[in-house]
2 protein chains.
Amino acid sequence: MALEHALLVSLSERTASGLELTRRFDRSIGHFWTATHQQIYRVLGRMEKDGWVRSETVAQQGRPDKKVYEVTEPGRLELERWIAEPTAGDPLRSSLMVKFRGASYGDRAALLEQARERLDEHNKRLALYEHLVGRDYADPSTLDGHDLDAYLVLRGGVRLEQFWIDWLTEYLDAWTKESR
Amino acid sequence: MALEHALLVSLSERTASGLELTRRFDRSIGHFWTATHQQIYRVLGRMEKDGWVRSETVAQQGRPDKKVYEVTEPGRLELERWIAEPTAGDPLRSSLMVKFRGASYGDRAALLEQARERLDEHNKRLALYEHLVGRDYADPSTLDGHDLDAYLVLRGGVRLEQFWIDWLTEYLDAWTKESR
DNA sequence: GCCACCTATGCAACTAGTTGCAACCCTGCG
DNA sequence: CGCAGGGTTGCAACTAGTTGCATAGGTGGC
């Protein structure tokens, strides 16, 4: 299980409240580990109980108070331990692949339409990632430390989107040749 | 949720017992939707109660009886319905990506070792997939219907492994340049 | 003043998936 | 015989994640 640890990584980079973490998840780490705000709150509560993070209530102008979390020393040690620990392969679960495999038991035209929509989404997301690369990493060869890590993970995102685009294109091509 | 539907696809191709389904999952559909035998049994039970499948106990020589499941008409209709339904993007959760992102808060050498192991696994799996392609689909251009579907899904597997290999290689290269 | 809407935190109930184990049948070995 | 080992089905308890909703403070429009 890794949501705890994803939050530790995010909070190590910068302290944040639950909602800020949620939004950050919608943008950076969240491309590779999704979570809803409810779950983040729950896990933050557990982590605080376990002493991995501590929180401070911060008053805001024109807004409700927020609870800002920061990583404690035990939290830091736990993150270190987890990073060194062997990583189990994360199970992939793609309903789209299952649908494609079972296409002959359903409406193929509808499925092709879904493939097109998915292709569109991945194209959009690829454009976003490439925009981020261009904006934040003008010269990757000079990067080091945490910046290089962040860049390489973003590169993973680019490659992953490219994978989907290429494969969905192959799929659509194969099924929309004139003869079918 | 899609395990039910993955099982319907698998059983549409050929009837099977719980354990046979488990093994089939370890090989074909299971590359894109994993499940343990316990879960498969539980879901099969629920599906039978809902009338999506029916089972028949088959005596075997030298082995315990097995319960062979087959898809019923309501099950077939449900599969059809599900295939036509819009597909939500399956959340990706990769602990390895989270670890890479947080590498500066842990032991980088240990992480590079994990990357190498993962690269190795993906290379092995790519070799397996390519073997399957070569063995079962000598001439893809002649395929149609369910065979084409199965081939394209396998191609997705190949491309996915290739994605991991390329990205892990980029990652390792970036972090093992002489200067670091 | 009241309502719609945004920020922020959170509970409860549900669904999905994992881990650990039990039970049972049969075969083959010493 | 007795016991290890594989095949087969399954229960129970746990962990993780989702959905729906509640609460509460504040802003801005009518």
Side-chain angles (χ1 to χ4, degrees), chain A residues 1-8 11 15-26 29-30 32-50 53-69 82 87-95 98, chain B residues 1-8 11 15-26 29-30 32-50 53-69 82 87-95 98:
Chain A
M1 189 272 326
L3 178 53
E4 265 91 339
H5 300 99
L7 292 176
L8 284 175
L11 288 175
T15 62
S17 71
L19 208 55
E20 283 162 2
L21 278 171
T22 305
R23 282 201 276 259
R24 204 179 288 174
F25 260 57
D26 284 343
I29 292 182
F32 315 107
W33 199 280
T34 54
T36 59
H37 71 105
Q38 289 89 339
Q39 204 195 344
I40 287 176
Y41 281 118
R42 186 158 33 141
V43 169
L44 279 174
R46 186 164 67 218
M47 290 167 77
E48 185 164 28
K49 188 165 63 61
D50 292 346
V53 296
R54 97 171 59 89
S55 70
E56 194 178 349
T57 303
V58 174
Q60 299 184 100
Q61 273 213 326
R63 293 176 178 188
D65 294 357
K66 64 180 177 179
K67 273 171 77 177
V68 173
Y69 290 87
W82 176 74
T87 312
D90 305 286
L92 166 68
R93 290 198 169 92
S94 165
S95 355
V98 175
Chain B
M1 192 270 326
L3 178 54
E4 264 91 341
H5 300 99
L7 292 176
L8 284 176
L11 288 175
T15 62
S17 70
L19 207 56
E20 283 162 3
L21 277 171
T22 305
R23 283 200 277 260
R24 205 180 289 174
F25 259 58
D26 284 344
I29 293 182
F32 315 107
W33 199 279
T34 53
T36 59
H37 72 107
Q38 289 88 342
Q39 203 195 344
I40 287 176
Y41 281 117
R42 185 154 37 134
V43 169
L44 279 174
R46 187 164 65 217
M47 290 167 77
E48 185 163 28
K49 188 165 64 62
D50 293 346
V53 296
R54 97 171 59 91
S55 69
E56 194 177 350
T57 302
V58 175
Q60 299 183 100
Q61 273 212 324
R63 293 177 178 187
D65 293 357
K66 63 179 178 180
K67 274 170 76 176
V68 173
Y69 290 87
W82 176 74
T87 313
D90 304 285
L92 165 69
R93 292 198 168 92
S94 165
S95 354
V98 176

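Every chain is numbered from 1, with letters handed out A, B, ... down the list of sequences. Values below: all heavy atoms of this structure, side chains included; hydrogens, waters and symmetry mates excluded.
- To the nearest angstrom, C1' of D/dT18 lies 15 Å from CG of B/D90.
- Atom-to-atom, CZ of A/F25 to C1' of D/dG17 comes out at 13 Å; the value is rounded to the nearest Å.
- Position along DNA chain C of the nearest nucleotide to A/P91 versus A/L19 favours A/L19 as the more 5'-ward residue.
- Residues that satisfy the side chain to side chain contact (heavy atoms under 4.5 Å, CB included) test with B/T87, not counting sequence neighbours, are A/S95, A/L96, A/K99, A/Q114, A/R118.
- Side-chain contact check for A/L92 versus B/W33: every heavy-atom pair is 4.5 Å or farther apart.
- For B/R93, whose side chain is taken as the heavy atoms from C-beta onward, the closest listed nucleotide among D/dG25, D/dT18, D/dA16 is D/dT18.
- Put simply, the side chain of B/T15 does not reach to within 4.5 Å of the side chain of B/V53, judged on heavy atoms.
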Filtered N/O pairs between nucleotides 3-6 of chain C and protein, under 3.5 Å:
none

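- The separation between A/D50 atom CG and D/dT15 atom P is 12 Å, rounded to whole Å.
- Between B/L11 and B/L21, some side-chain heavy-atom pair lies under the 4.5 Å cut-off.
- No more than 12 heavy atoms of other residues, nucleotides or ligands shown are found within 6.0 angstrom of CD on A/E56.
- Here the P atom of nucleotide D/dG17 and the CG atom of B/L3 are 17 Å apart, to the nearest Å.
- In this structure, CG of B/D65 is placed 15 Å from C1' of C/dA23, rounded to the nearest angstrom.
- If you measure from atom CD of B/E48 to atom C1' of D/dG10, you get 14 Å, rounded to the nearest angstrom.
- At least one donor-acceptor pair under 3.5 Å links the side chain of A/E20 to the backbone N or O of A/S17.
- B/R93 contributes a side-chain N or O that, together with a main-chain N or O of A/T34, makes up a donor-acceptor pair within less than 3.5 Å.
- Residues B/A35 and B/I40 approach most closely at CB-CG1, 3.9 Å, considering heavy atoms.
- You'll find the side chain of B/W82 stays beyond 4.5 Å of the side chain of B/L8, heavy atoms only.
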Would you list the protein and nucleotides 27-29 of chain D atom pairs, both N or O, that sit under 3.5 Å from each other?
none

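- Shown for residues 33-44 of chain B: residues whose heavy atoms fall under 4.0 angstrom of DNA chain C, namely B/W33, B/T36, B/Q38, B/Q39, B/R42.
- With sequence neighbours excluded, the residues satisfying side chain to side chain contact (heavy atoms under 4.5 Å, CB included) with B/E4 are B/M1, B/V43, B/R46, B/M47, B/W52.
- Regarding contacts with the backbone of C/dG10, a side-chain N or O of A/K67 is found under 4.0 angstrom from either OP1 or OP2.
- If you take NZ of A/K66 and C1' of C/dT7, they are 11 Å apart, rounded to a whole angstrom.
- In this structure, B/Q60 atom CD and C/dC24 atom P are separated by 19 Å, rounded to whole Å.
- Within the 4.5 Å cutoff, the side chain of A/Y41 has heavy atoms near those of the A/L19 side chain.
- Not counting sequence neighbours, A/K67 has no partner by the salt bridge (Lys or Arg N to Asp or Glu O under 4.0 Å) test.
- Each of A/R46 and B/E20 has a nearest nucleotide on DNA chain D; the 5'-most of these lies closest to B/E20.
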